[in-house]
Peer 1: 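Sharing a structure with you now.
Whatever order the structure lists them in is the order used to number ligands and atoms, beginning at 1.
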Amino acid sequence: MSNAPDVKLLGERADTMIRTLGSISAEPNRLFRAFLTPEHRKAADLVAKWMRAAKLDVSEDALGTVRGHWAGESKKRLLIGSHIDTVIDGGMFDGPFGVIAGILAVDHFTQAGRKLPFGIDVLAFGDEEGSRFPTTLTSSMACAGTFDNARLDMADKEGVTLRDAIVAYGKDPAALAEAAYKRGEAAAYVEVHIEQGPVLEYKKQPLGVVTSIAGQSYLNVEFLGEAGHAGTVPMMLRRDALAGGAEVILLAEKMARDTKGDVVATVGQLRIPSAASNVIAGNVALVVDIRSGSNAARQQFVDTFKTEIRAIAKRRELGLTITQTRDVATTPCDQSLQDGIAAAIRSVGGEPLELSSGAGHDGTAMAKLCPIAMMFVRCRGGISHNPAEYTSPSDMGLAVAALIRFIETVKL
Ligand code: GLV
Ligand code: MN
Ligand code: MN
């Protein structure tokens, strides 16, 4: 048997590592690490250094995913991963903790001189947040063998395509197919992640078991009205694209509230290309993020929402384009892996609460490759995608100890 994990020490180590990684940012006063940027490079190098110290063999694939392999007694592998990219002005824990938990768990087995019946790959993905390109989860899709080459032509705000960004990062888009795991090689994927919601804190529990990851639809809505003088055009004669956009934002909020928790909808991005205080907006584009644990509820919401947006455009005499850029089904977590996570949580003194995830995760892409599971860790106030995001060292220590227990007991 291995030595019992030192929960306090694991928590302190995780905290130090989180803060070191959290200091790598594109901007001095807020955290922002986007996919295939110099900050991504620095973060990947740091993760690779930690992996080597834990005796993992490190490689990188064509999308920059850092892959640390720890050999086992068979070719089968347990994949443990999460992401090292962030949203703009994000927190330090969303993503990095899952990677760090994997490294610390392997380090525990390395230090104990243990061999396991399967190998472990710790994966640090770079594209979970979709902060740079109008696509997301490309790194995990490449590992799962589902990356669609059409995504290579998608461009960031500066017009740099994903293909060009891969080359600028020193990688070869032609080698993308090699990132895919071979069938049978990946036995399971497990991810430890902060909850990003308030339930564990409310129930006074440090850890939870994820039952499923919510499905997502993204709608890009663009209104074309007529730009005009703010002082001279009478109100009745205006075709104000921004006023139409405002109606869409409130419609999303009202419709989602009316579902009483089945669906959540958010407009977090609005673009007014020629914005000026004395100009009636001639053109606006907004992105609507719609999520639900139920595919049927999400689909019904999207259908009704599109009909209502068309009615707004007609009433206001606005041109309209609606493009659905994302349509991702709800991803169930594997029952037997969930049972393993629950038992591991009990072994460290927790009561495993079952939670569904409203946030997106790389597990959605990895589920196309192998069974997946997730463990959630309490975060203060449920706050995430915010610099105030915080998980205590003691909860992180418990999470790593539970992950170690899960690895020791899982049958792959
Ligand atoms: C990522 O955190 C997402 O859920 O969009
Ligand atoms: Mn995340
Ligand atoms: Mn996130």
Side-chain angles (χ1 to χ4, degrees), residues 14 18 21-22 25 30-35 39-40 43 47 65 80-102 122-141 189-198 200 208 210 212-220 252 256 263-269 287-293 298 325-331 333 355-367 372-379 381-391 396 399:
I18 286 276
L21 194 53
S25 173
R30 58 181 186 176
L31 177 56
F32 185 34
R33 271 198 315 271
F35 188 33
E39 303 71 55
H40 182 185
V47 165
T65 298
I80 303 174
S82 199
H83 60 100
I84 55 173
D85 62 325
T86 75
V87 291
I88 190 153
D89 203 13
M92 289 186 278
F93 297 79
D94 172 3
F97 179 55
V99 175
I100 288 167
V122 180
L123 304 171
F125 300 115
D127 183 33
E128 190 260 10
E129 301 289 9
S131 303
R132 181 166 176 193
F133 297 97
T135 176
T136 186
L137 303 184
T138 52
S139 339
S140 36
M141 281 174 186
Y189 171 82
V190 62
E191 177 163 353
V192 181
H193 201 286
I194 62 164
E195 182 199 344
Q196 305 182 276
L200 288 171
V210 179
S212 67
I213 304 171
Q216 298 183 11
S217 301
Y218 265 42
L219 299 181
N220 285 7
V263 178
V264 290
T266 309
V267 177
Q269 207 178 71
V287 184
V288 192
D289 172 317
I290 300 158
R291 305 190 189 201
S292 176
R298 183 172 50 86
T325 54
R326 203 179 290 180
D327 181 15
V328 180
T330 300
T331 306
C333 294
L355 300 158
S356 66
S357 173
H361 298 288
D362 288 293
T364 290
M366 297 305 277
I372 67 146
M374 290 190 73
M375 186 196 310
F376 268 175
V377 191
R378 170 167 60 189
C379 63
I383 294 169
S384 184
H385 285 187
N386 182 318
E389 190 174 275
Y390 176 78
T391 289
M396 288 194 282

Peer 1: Does ligand 1 have an atom under 4.0 Å from some heavy atom of H361?
Peer 2: no
Peer 1: Test of understanding: with side chain to side chain donor-acceptor pair (under 3.5 Å), list the residues that count as partners of H83, not counting sequence neighbours.
Peer 2: D85, D94, E128
Peer 1: Near A359, which atoms of ligand 1 are under 4.0 Å from a heavy atom of that residue?
Peer 2: 4 (O)
Peer 1: Which of these, E128, R291, E129, has its nearest heavy atom closest to atom 5 (O) of ligand 1?
Peer 2: R291
Peer 1: Regarding ligand 1, does G360 bring an N or O atom to under 3.5 Å of one of the ligand's N or O atoms?
Peer 2: yes
Peer 1: I'd like to know if the side chain of T391 and the backbone of R378 have a donor-acceptor N/O pair within less than 3.5 Å.
Peer 2: yes
Peer 1: Would you say ligand 1 has an N or O under 3.5 Å from any N or O of Y218?
Peer 2: no
Peer 1: By residue and atom, what protein N/O/S atoms are less than 2.8 Å from the Mn ion (ligand 2)?
Peer 2: H83 NE2, D94 OD1, H193 NE2
Peer 1: Any donor-acceptor pair under 3.5 Å linking the side-chain atoms of Y218 with those of Q216?
Peer 2: no
Peer 1: Can you tell me how far CD1 of I18 sits from CZ of F93, rounded to the nearest 0.5 angstrom?
Peer 2: 5.5 Å
Peer 1: How far does CG of L21 sit from CD1 of I84, to the nearest 0.5 angstrom?
Peer 2: 6.5 Å
Peer 1: So which heavy atom on F35 is nearest to which on T138, and how close?
Peer 2: CE2-OG1, 3.4 Å
Peer 1: Among the N/O/S atoms of H385, select the one at the shortest distance from the Mn ion (ligand 3) and name it.
Peer 2: NE2
Peer 1: With a 4.0 Å cut-off, would you call D327 and R298 a salt bridge?
Peer 2: yes
Peer 1: Can you find a pair of side-chain heavy atoms, one from E389 and one from C379, that are under 4.5 Å apart?
Peer 2: no
Peer 1: Given side chains that start at C-beta, do those of D89 and P387 come closer than 4.5 Å, heavy atoms only?
Peer 2: yes
